Amino acid sequence: MLEKALKGTKTYWTLVISIMVIMGVAFLFYLRQYHYGLGVTGLSRDVTWGFYIAQFTFLVGVAASAVMVVLPYYLHNYKAFGKITILGEFLAIASVIMCMTFIFVDMGQPFRILNVFLHPTPHSLMFWDTVALGGYLLLNIIISRVVLDAERKAIAPPGWIKPVIILSIPWAISIHTVTAFLYAGLAARPFWLTAVLAPRFLASAFSSGPALLILLCLLLRKYTRFDPGKEPIQKLALIATYAMAANVFFILMEFFTALYSDIPEHLMHFEYLFLGLDGKTNLVPWMWTSEILALIALVLLINPGTRRREGTLILACVMVFISIWIDKGMGMVVGGFIPNPLGNVTEYMPTFTELMISLGVYAMGLLLVTGLYKIALSVRGEVRA
Amino acid sequence: MKIDRRKFIKFTGLTAIGLAGTPAARAFTGEDSLLVNEAGRQPSVENPLTAKRWAMVINLKKCIAQDGCTKCIDACHTVHNVPDFGNPKDEIKWIWKESFEHAFHEQEHEFINEALKHAPTLVFCNHCDNPPCVRVCPTQATWKREEDGIVMMDWHRCIGCRYCVVACPYGSRSFNWRDPRPFIKELHPDFPTRVRGVVEKCTFCEERLARGLMPACVEACPEKAMVFGDLEDADSEVRELLRNNYTIRRKPSLGTMPEIYYII
């Protein structure tokens, strides 16, 4: 089936080659990082995790969100998702691979990474995160491969795949829960020490993931013969709406606990993110942008008129995506480090090298999505001639 | 894991045997100045210093009296080949001075004694009884040595994920953001240098204890402001100090059970 990704129009190949050029350039930046060390990033003794780990966290959410199409389709037999379920699963595959790459580029000694399996350590959440992500990748590869193959042969998928699909549902929840546990179990970092972190991660994932899927479906409709139809898009929009409402609710819960309890150690992180601390305000404009976009998006999504109109729905989806990307990809991880455990404020901003490497990882994800979606559409004869 | 740990200890022990006799090593380990260890024996690999639970008591009053003194820091960073990058971003430190208000910011208040507020407080790895860094490490590259409670580091296994740095509530761990070797002022051949991409920290001088020597910082302090000993031994000097003085620890409420005690 993979050969279907190797046959395409000029436009397809232009896209593929452009992405590969970006990846090639990014790889040169990675070589620079590999030779010099992680000192090429903006990270420091005080802010030890940054852009890479934040992107990893955000993308685990996108990967997990595939469950929002898998669950209605397979568990509730919601037929309208028949066309887009495979797109959700392929998006999950690309996202998990991006997650793993972000972890790899964040390692100080990347070629020792297999030590995680050589010395399995059940008391480390990072070990479990590796297991959860690896398993999820495998499940999605098996499921999408088997289901698509059956579709190509116009036969029903084999019976044994059903329990595998059912297993992938709690597994999707688990990847983002375990990722939240990476943070939420650390006494050293009061900002993350909150039981609502995992639910909040899931809510933000189930909002940003479907929002991205809507945008991808509409893009495909524009450039290929694929048409998801109105119903699945609207259903996805509804899912994104509920999840976004839950996400904003959870964020408000965080604010309440921090502000009302007034415990300085908890409060100072929020203060840094939204007001700045010791005159240091790097993330303040970002955080306010995120919150304002979240509120506007919520209004656009909750109001049935604007949710149903495609123009405003697209706008809302873009806003949801950007808002949650800033929240998880900028504020959540870095905010936990500022101030540091000794009360010192050291700021962080990713360097150009760091951004280029990240761009390369995203380009790789885009290449995977492009290739995989090409396969899916080719199988169904929906590629534009 | 057991075998690896043993191998590691054996390796460091063998290195020590190999190098202990050289004049250069003797000069820097200070064997001439410290001829007998606590047990009254000649310091050597045959007479290592052992304990059931190593701990340190720091007399802050003595450090305040000697403000500006950096002998312990210099000694530690020299014998352990700790690089000096000259900038806070790449900084690696095993032991350093933090103002009291930062080291103990829960204890600080508006009208606190000015001298105490800015008191040079020595901070380093607390060798916690319940170390969060060990709990999070995905490869057991850092672990608590059961026989004496030292939180150890294996720089050959560390993958550089920095999860331990994130989990340490004391900021005691440093990461090699770049190749440290060109920034080591004076290379000490009998202690390993590190490579870029691994985490490091104070190890209570386990390599010196194995040779019967006290930690470098303790030995370097002319005021005896740092006292090192066995917490499980009721007659030890540390227990004596804990009995007779009011002592505090950093962030005891977190349940990490740090083993550095401060007399204020």
Side-chain angles (χ1 to χ4, degrees), chain A residues 33-50 53 103-104 106-130 182-183 185-190 192-193 264-265 268 333 336-337 339-344 346 348, chain B residues 1 4 85 87-93 98-99 101-106 108 123 130 132-141 143 154-180 195-199 250-251 253-256:
Chain A
Q33 178 186 297
Y34 182 74
H35 285 288
Y36 182 90
L38 281 161
V40 297
T41 65
L43 297 167
S44 63
R45 203 178 181 284
D46 285 343
V47 184
T48 34
W49 280 351
I53 293 293
I103 290 289
F104 184 83
D106 190 67
M107 291 294 118
Q109 287 287 333
F111 293 106
R112 291 186 192 166
I113 206 161
L114 290 175
N115 276 354
V116 175
F117 301 103
L118 197 61
H119 311 284
T121 310
H123 55 69
S124 171
L125 260 309
M126 202 172 275
F127 167 74
W128 287 109
D129 212 23
T130 319
L182 280 181
Y183 303 99
L186 303 177
R189 311 283 169 180
W192 301 329
L193 195 70
E265 286 214 327
M268 272 159 104
V333 173
F337 290 99
N340 79 352
L342 296 156
N344 297 313
T346 308
Y348 161 84
Chain B
M1 184 55 217
D4 289 327
F85 296 100
N87 72 67
K89 186 178 174 296
D90 293 324
E91 190 176 28
I92 291 178
K93 46 191 180 186
E98 199 68 52
S99 65
E101 60 173 334
H102 281 129
F104 286 96
H105 57 101
E106 287 156 337
E108 192 246 355
V123 293
N130 182 16
C133 53
V134 168
R135 200 182 311 150
V136 301
C137 177
T139 61
Q140 295 154 53
W143 75 96
D154 182 345
W155 295 305
H156 298 274
R157 189 187 282 189
C158 173
I159 59 174
C161 70
R162 313 187 293 295
Y163 201 3
C164 56
V165 185
V166 179
C168 174
Y170 308 102
S172 297
R173 288 173 166 266
S174 303
F175 179 73
N176 286 276
W177 296 103
R178 54 190 296 196
D179 182 10
V195 292
R196 71 189 187 298
V198 298
V199 171
R250 295 172 70 199
K251 302 190 183 179
S253 62
L254 298 182
T256 54

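Protein chains get the first letters and strands the later ones, always in sequence-line order, with residue 1 at the start of each. The shown structure was predicted, so the numbers you read here are calculated from the model rather than taken from an experiment.
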Between A:Trp192 and B:Val166, does the side chain to side chain contact (heavy atoms under 4.5 Å, CB included) criterion hold? Intermediate values first, please.
CA-CA 11 Å; A:Trp192 301 329; B:Val166 179; 3.5 Å; yes
Considering only heavy atoms, which portion of [X] lies under 4.5 Å from any heavy atom of chain B: side chain, backbone, both, or neither?
X: A:Phe117; result: neither
X: A:Ile103; result: neither
X: A:Pro120; result: backbone

Output the option from [options] having the highest count of non-hydrogen pairs under 4.5 Å with chain A.
options: B:Gly160, B:Pro88, B:Pro138, B:Cys168; result: B:Pro138
options: B:Pro132, B:Cys137, B:Ser253; result: B:Cys137
options: B:Glu106, B:Arg135, B:Glu101; result: B:Arg135
options: B:Gly197, B:Ala167, B:Gly171; result: B:Gly197
options: B:Ala141, B:Cys158, B:Ala103; result: B:Cys158

Reported [atom1]-to-[atom2] distance for the pair [X] and [Y], which is rounded to 0.5 angstrom:
X: A:Leu342; Y: B:Ser99; atom1: CG; atom2: OG; value: 9.0 Å
X: B:Arg173; Y: A:Thr48; atom1: CZ; atom2: OG1; value: 11.5 Å
X: B:Gln140; Y: A:Thr121; atom1: CD; atom2: OG1; value: 3.5 Å

Work out which heavy atom in [X] is nearest to a heavy atom in [Y]; give both atom names and the distance.
X: A:Tyr36; Y: B:Arg196; result: O-CD, 3.6 Å
X: A:Pro341; Y: B:Tyr170; result: CB-N, 4.5 Å
X: B:Glu98; Y: A:Asn344; result: OE2-ND2, 3.6 Å

Any side-chain heavy atom of A:Arg112 sitting closer than 4.5 Å to one from B:Thr139?
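In short, these two side chains do not touch, never coming nearer than 4.5 Å.
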Select, from [options], the one with the greatest count of heavy-atom pairs under 4.5 Å involving chain B.
options: A:His35, A:Arg189, A:Arg45; answer: A:Arg45
options: A:Phe111, A:Tyr34, A:Phe127, A:Trp128; answer: A:Tyr34
options: A:Asn340, A:Leu182, A:Leu118; answer: A:Leu182
options: A:Asp46, A:Leu186, A:Thr346; answer: A:Leu186
options: A:Ser124, A:Gly39, A:Gly42; answer: A:Ser124
options: A:Asp106, A:Leu125, A:Val47; answer: A:Asp106

Give a yes or no answer on whether the side chain of B:Lys89 reaches the backbone of A:Leu43 with a donor-acceptor pair at less than 3.5 Å.
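Yes, because the side chain of B:Lys89 sits within donor-acceptor range (under 3.5 Å) of the backbone of A:Leu43.
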Side-chain (A:Trp49) to main-chain (B:Cys161) donor-acceptor, under 3.5 angstrom
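Such a contact is found between A:Trp49 side chain and B:Cys161 backbone.
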Contact origin within [X] toward chain A - heavy atom pairs under 4.5 Å:
X: B:Glu91; result: both
X: B:Lys251; result: side chain
X: B:Phe175; result: side chain

Under the side chain to side chain contact (heavy atoms under 4.5 Å, CB included) test, which residues partner B:Ile92, sequence neighbours left out?
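B:Val82, B:Pro83, B:Phe85, B:Trp94, B:Ser174, B:Asn176, B:Glu200.
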